[in-house]
Amino acid sequence: MKKICIALMLLTALAAQAQQRKWENKFYAGAGLMASKTDADNAHGLALQAGYALTYHFSRQWSLMPGVAVRNVAENGFGSSADGADDDVFTFLDIPLLVQHHVGSGKGSTTLGLGPVFSFCVDNDAYYIDAEPQSPLNKLAKCNLFSLGLQPSLDHRLTNHFSLGLDAYICLTNLKRNHGLTSGSKRIHCLTAHVAWTF
């Protein structure tokens, strides 16, 4: 009898846990700032992103959120470049995989997320050295095709479906493609504010 009671308690706990499991779809878009860090100098500009995420809740407090997003970064994105400047513009396909912690549920809840981002450069910029038209670097791609980043995120539900939040992208690997002709490193970090619709 005791074993039966223990088994029933375990089944009840598993059933309650299963009821808490659910999937959520999320579409989001955002804009913010980018910072480009190289060995020689730093630059700032504009970052834009739009994406889709699928969240799997495995408890009231925790979930896993894989997704896919397009992120565009542009140096000097707020005005015209100086004469002869070679500002960078890249578009990345990002695949984040975030572990999320939920404080509350539904309207008024807050979600904190952290996880890796696998990024693929799908629209590369090319070198253009105005002072050296015959440079072997001219027309060669500037950015490596693959990079790895870390994404902290914050999301606050204003309604059951609509939310506002912040996403950061911290670049962990060297983006600069040197082609054996140059040296050094380049990292692009981003901070964007987003609006999201979840259902």
Side-chain angles (χ1 to χ4, degrees), residues 26-54 65-98 113-155 164-197:
K26 177 180 178 181
F27 289 95
Y28 62 95
L33 302 174
M34 62 83 76
S36 175
K37 308 286 186 181
T38 68
D39 297 334
D41 57 13
N42 301 324
H44 299 85
L46 180 66
L48 302 173
Q49 68 167 350
Y52 166 78
L54 182 63
M65 189 185 80
V68 61
V70 175
R71 175 170 50 97
N72 179 265
V73 295
E75 288 183 5
N76 198 38
F78 302 101
S80 59
S81 303
D83 290 341
D86 186 17
D87 293 333
D88 294 342
V89 180
F90 303 112
T91 301
F92 298 95
L93 179 68
D94 292 338
I95 302 176
L97 181 60
L98 306 186
L114 182 67
V117 183
F118 307 96
S119 298
F120 302 87
C121 186
V122 294
D123 188 6
N124 217 325
D125 203 348
Y127 287 101
Y128 176 69
I129 304 174
D130 190 42
E132 299 180 47
Q134 304 304 317
S135 170
L137 276 175
N138 285 339
K139 297 185 179 181
L140 295 179
K142 294 180 178 180
C143 184
N144 288 321
L145 294 180
F146 174 77
S147 58
L148 179 66
L150 181 68
Q151 180 175 318
S153 67
L154 171 68
D155 196 78
L164 298 176
L166 293 171
D167 295 311
Y169 179 87
I170 302 168
C171 185
L172 300 177
T173 58
N174 182 17
L175 291 175
K176 186 175 181 181
R177 191 188 295 192
N178 291 307
H179 299 284
L181 301 171
T182 62
S183 60
S185 64
K186 181 184 186 72
R187 286 174 170 79
I188 295 176
H189 311 297
C190 302
L191 178 64
T192 57
H194 70 251
V195 294
W197 181 258

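FYI, side chains are in, hydrogens and waters are out, and symmetry mates aren't considered; it's all heavy atoms of this structure. All residue numbers refer to positions in the sequence shown, counting from 1.
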Listed partners of Phe120 passing ring pair (Phe, Tyr, Trp, His ring centres under 6.0 Å), at least two apart: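 Ring pair (Phe, Tyr, Trp, His ring centres under 6.0 Å) check on Phe120 returns Phe146.
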Enumerate the residue pairs fulfilling salt bridge (Lys or Arg N to Asp or Glu O under 4.0 Å) with a member in residues 42-52, sequence neighbours excluded, ordered by first and then second residue.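 Applying salt bridge (Lys or Arg N to Asp or Glu O under 4.0 Å) to every pair that reaches into residues 42-52, excluding sequence neighbours, yields nothing.
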Tell me which pairs pass salt bridge (Lys or Arg N to Asp or Glu O under 4.0 Å) where either residue lies in residues 31-45, with sequence neighbours left out.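 Non-adjacent pairs meeting salt bridge (Lys or Arg N to Asp or Glu O under 4.0 Å): zero.
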Closest contact, heavy atoms only, [X] versus [Y]:
X: Val68; Y: Pro96; result: N-CD, 4.1 Å
X: Val70; Y: Leu93; result: CG2-CD1, 4.4 Å
X: Leu150; Y: Pro116; result: CD1-N, 4.4 Å
X: Phe90; Y: Cys121; result: CD2-SG, 4.3 Å
X: Val89; Y: Ala74; result: CG2-CB, 4.0 Å
X: Phe92; Y: Ser119; result: CD2-CB, 4.4 Å

Yes or no on side chain to side chain contact (heavy atoms under 4.5 Å, CB included) for Cys190 and Gln49, after CA distance, side-chain angles and deciding distance? CA-CA 10 Å; Cys190 302; Gln49 68 167 350; over 6 Å; no
Apply side chain to side chain contact (heavy atoms under 4.5 Å, CB included) to [X] and list each qualifying residue two or more places apart in sequence or on a separate chain.
X: Ser153; answer: Leu98, Gln151, Asp167
X: Pro136; answer: Leu181
X: Thr173; answer: Ser147, Leu148
X: Ala193; answer: Leu166

Residues in side-chain hydrogen bond (donor to acceptor under 3.5 Å, both in side chains) with [X], at least two apart?
X: His189; answer: none
X: Asn138; answer: none
X: Asn124; answer: none
X: Asn144; answer: none

Output all residues satisfying salt bridge (Lys or Arg N to Asp or Glu O under 4.0 Å) with Lys186, sequence neighbours left out; order by chain, then residue number.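 If we apply the salt bridge (Lys or Arg N to Asp or Glu O under 4.0 Å) test to Lys186, skipping adjacent residues, the hits are Glu75, Asp88.
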Are Ile170 and Arg187 side-chain neighbours, meaning at least one heavy-atom pair lies under 4.5 Å?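 Not touching, per the 4.5 Å side-chain cut-off.
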May I have the step-by-step check of side chain to side chain contact (heavy atoms under 4.5 Å, CB included) for Tyr169 and Met34, ending in yes or no? CA-CA 9 Å; Tyr169 179 87; Met34 62 83 76; over 6 Å; no
Qualifying residue for salt bridge (Lys or Arg N to Asp or Glu O under 4.0 Å) with Asp125, from Lys176, Lys142, Arg177, Lys139: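 Single salt bridge (Lys or Arg N to Asp or Glu O under 4.0 Å) partner of Asp125 among Lys176, Lys142, Arg177, Lys139: Lys142.
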Report the distance from atom SG of Cys171 to atom CD1 of Ile188, rounding to the nearest 0.5 Å.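 Result: 7.0 Å between the selected atoms.
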